[in-house]
Amino acid sequence: CQIVGCDHQLGSAVKEDNCGVCNGDGSTCRLVRGQFKSQLSASKLNDTVVAIPYGSRQVRLVLKGPDHLYLETKTLQGVKSENNLSTTGSFVVENSSIDFQKFPDKEILRISGPLTADFTIKIHYAGAADSSVQFIFYQPIIHRWRETDFFPCSASCGGGYQLTSAECFDMRSSRVVADQYCHYYPENIKPKPKLQECNLDPCPASDGYKQIMPYDLYHPLPRWESTPWTACSSSCGGGIQSRSISCVEEDIQGHISPVEEWKCMYTPKMPVVQPCNIFDCPKWLAQEWSPCTVTCGQGLRYRVVLCIDHRGLHTGGCSTKTKPHIKEECVVPTPCYKPKEKLPVEAKVPWYKQAQELEEGTAVSEEPSFIPEAWSTCSVTCGVGSQMRLVKCQVLLSFSQSVADLPIDECEGPKPVSQRACYSGPCSGEATEHTPEETRLLYGSLQEFDELYDWEYEGFTECSESCGGGVQEAVVTCLNKQTREMAEEALCVSSRRPPQLLKACSLDPCPPR
């Protein structure tokens with residue numbers, strides 16, 4: 001005996017593919033598999049499992065559960081019929097051979113195909129328990145793209161071009177149908193248009209016009225042209241920008257004019273939209289809170305809040321409305337005691353305590369703070385002069401363990417003074433006779449000097465604005481503690497000058513102009 005292939009040739013090993021095509025590659029059909037689960041309802045007695053179209057092959061369904069399968073068919077001529085599949089056996093329905101097996105808790109349906117009608121598999125609910133149906137079959141790709149002939153030439157002489165197109169063709173009815181039917185199958189890839197030159201013979205010269213040269217040398221093909229991209233719709237977080245695309249043609253004089261889009265379809269059309277600025281927007285990054293500014297009672301604590309971009313760099317662009325607060329009140333549970341003989345540091349007014357810590361603490365911390373450098377030498381060698389120093393707003397970045405300089409307004413609280421008076425003793429030639437008070441001032445101990453003269457606040461200046469919000473500055477004067485009289489600022493040179501205090505004023509909105 002000799003084998004015979006599907007091509008009816010002796011000794012041939014050629015076989016049909018799953019689509020029933022002899023020596024085919026399986027591209028004319030698609031595998032369909034799925035599962036149906038019953039949904040019991042008092043108002044429903046049956047339901048549709050799957051619709052299997054004309055021409056399908058190797059159909060297999062397995063029902064598990066108490067329910068029953070049955071068939072509905074519809075021929076190409078529109079004739080409908082139904083089969084209940086009540087017993088095990090082989091049947092012929094619409095010229096299709098069916099093998100059906102019925103078990104107490106399972107039903108199996110097989111159809112080798114190809115189907116000669118559209119089959120609809122349905123389920124009839126017969127019990128209270130749920131059922132499931134698994135199905136698999138090869139469905140023919142009934143609608144396929146078909147390439148058309150070339151369109152007429154774009155020019156009658158002098159060189160032109162002509163294109164092909166593609167149309168959706170119904171294999172059953174041999175009719176051209178709408179493109180949407182071919183788009184249903186993912187396997188269907190619409191063929192690209194083909195372009196060829198045509199009517200390359202030169203046009204005869206007439207009316208004094210220059211003879212048109214052959215198309216392939218002097219007449220470029222139509223091409224896509226685009227406008228510049230629009231600005232991105234968002235500066236960060238992902239946006240969209242667009243542009244216009246048009247098909248243009250250039251004549252032998254170099255003049256460009258728009259033409260129908262189909263003339264450019266031999267190459268892919270460029271995209272008209274694209275994403276832009278897809279990186280994350282800057283976000284506020286709040287670090288840990290500092291310790292409370294007091295050792296007892298109520299005080300303040302601070303934290304660094306930085307605007308960080310998608311690269312982790314300190315930047316701008318964060319919304320001030322969403323900025324986390326950088327200071328808040330804190331309470332140390334240790335009670336503050338107030339001995340009669342002396343006022344402890346912890347019990348001084350809050351601004352003084354905070355100013356003292358900012359003045360003396362030179363170590364950079366993780367909250368923005370003023371860091372003063374050392375005082376310069378006195379500007380004079382005798383008498384009263386001045387000293388200068390640099391005060392920076394700095395912060396310790398915990399994630400990089402580096403010190404960063406910040407704008408001055410990033411630091412909360414009073415800024416230490418950057419200038420103060422200094423006294424270098426009497427100048428030569430000055431009178432050396434002093435009153436007992438002057439002697440104690442110039443030559444007495446620093447402790448006695450501090451106890452006699454000191455800085456104090458004496459009210460505030462007038463508001464800088466009459467409405468809409470302004471500021472008032474506290475007035476600082478040098479006072480004799482015993483007489484409570486104002487003294488020259490040089491007499492308070494060895495006392496720490498209190499920080500500048502500001503307060504808001506005239507907060508009522510200004511009337512409209």
Side-chain angles (χ1 to χ4, degrees), residues 27 141-171 173-279 281:
S27 62
I141 299 178
I142 300 171
H143 300 100
R144 306 194 68 183
W145 293 108
R146 186 178 67 175
E147 194 173 57
T148 66
D149 295 331
F150 281 96
F151 289 118
C153 191
S154 62
S156 58
C157 63
Y161 52 85
Q162 54 188 169
L163 291 168
T164 63
S165 183
E167 56 192 10
C168 187
F169 190 73
D170 190 322
M171 308 295 289
S173 62
S174 299
R175 292 186 298 110
V176 175
V177 295
D179 287 359
Q180 66 188 34
Y181 290 98
C182 287
H183 290 309
Y184 171 76
Y185 302 98
E187 299 85 350
N188 261 347
I189 300 176
K190 187 175 183 179
K192 294 182 179 179
K194 295 179 181 178
L195 181 142
Q196 69 179 15
E197 300 167 341
C198 53
N199 295 341
L200 300 180
D201 296 332
C203 296
S206 60
D207 301 328
Y209 287 102
K210 182 179 179 180
Q211 179 178 330
I212 298 176
M213 300 304 293
Y215 167 84
D216 57 335
L217 296 179
Y218 297 99
H219 194 180
L221 292 174
R223 65 181 184 271
W224 296 110
E225 277 205 349
S226 63
T227 60
W229 290 106
T230 61
C232 192
S233 61
S234 177
S235 59
C236 60
I240 293 294
Q241 53 186 170
S242 60
R243 63 180 176 181
S244 298
I245 306 295
S246 59
C247 182
V248 299
E249 187 178 52
E250 183 177 354
D251 61 19
I252 59 176
Q253 285 82 29
H255 299 146
I256 297 176
S257 57
V259 294
E260 298 89 342
E261 283 198 354
W262 66 266
K263 295 183 179 181
C264 292
M265 292 302 291
Y266 66 93
T267 59
K269 187 176 182 180
M270 296 179 288
V272 295
V273 294
Q274 71 176 9
C276 52
N277 295 343
I278 58 176
F279 51 84
C281 293

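The shown structure was predicted, so the numbers you read here are calculated from the model rather than taken from an experiment. We use all heavy atoms of the structure for the numbers below, so side chains are in, but hydrogens, waters and symmetry mates are not. Index from 1, following the sequence.
At a threshold of 4.5 Å between non-hydrogen side-chain atoms, the residues Trp224 and Ser246 do not count as touching. Between Ser242 and Val272 there is no side-chain heavy-atom pair separated by less than 4.5 Å. The shortest distance between side-chain heavy atoms of Asn188 and His183 does not fall below 4.5 Å. Using a 4.5 Å heavy-atom threshold, the side chains of Pro268 and Lys192 count as touching.
Of the possible polar contacts, one joining the Ser233 side chain to the Ile240 backbone as a donor-acceptor pair under 3.5 Å is found. A donor-acceptor distance shorter than 3.5 angstrom exists from the side chain of Thr148 to the backbone of Ser165, with no hydrogens or angles considered. A donor-acceptor pair is defined here as one N or O able to donate and one able to accept, closer than 3.5 Å; no such pair exists between the side chain of Arg146 and the backbone of Asp170. Judged purely by atom type and a 3.5 angstrom limit, Asn277 uses its side chain to pair as donor or acceptor with the backbone of Ser234. Looking only at distances, no side-chain donor or acceptor of Glu249 sits under 3.5 Å from a matching main-chain atom of Ser257.
Of all heavy-atom pairs between Cys153 and Gln162, the closest is N-NE2, 3.7 Å. Across all their heavy atoms, Pro228 and Arg243 have their closest contact at O-CB, 3.9 Å. Nearest heavy-atom pair across Cys264 and Val248 is SG-N, 4.2 Å. Nearest approach of Glu261 to Cys247, heavy atoms of both residues: CA-CB, 3.9 Å. Smallest separation of non-hydrogen atoms from Pro193 and Thr164: CB-O, 3.2 Å. Considering all non-hydrogen atoms of both residues, Gln241 and Gln274 come closest at OE1-NE2, 2.7 Å.
Environment of CZ in Phe169: crowded, with over 12 heavy atoms of neighbouring residues, nucleotides or ligands closer than 6.0 Å. Heavy-atom neighbours of Lys194 NZ from other residues, nucleotides or ligands within 6.0 Å: at or below the threshold of 12.
Atom OG of Ser244 sits about 12.5 Å away from atom CD of Glu225, to the nearest 0.5 Å.
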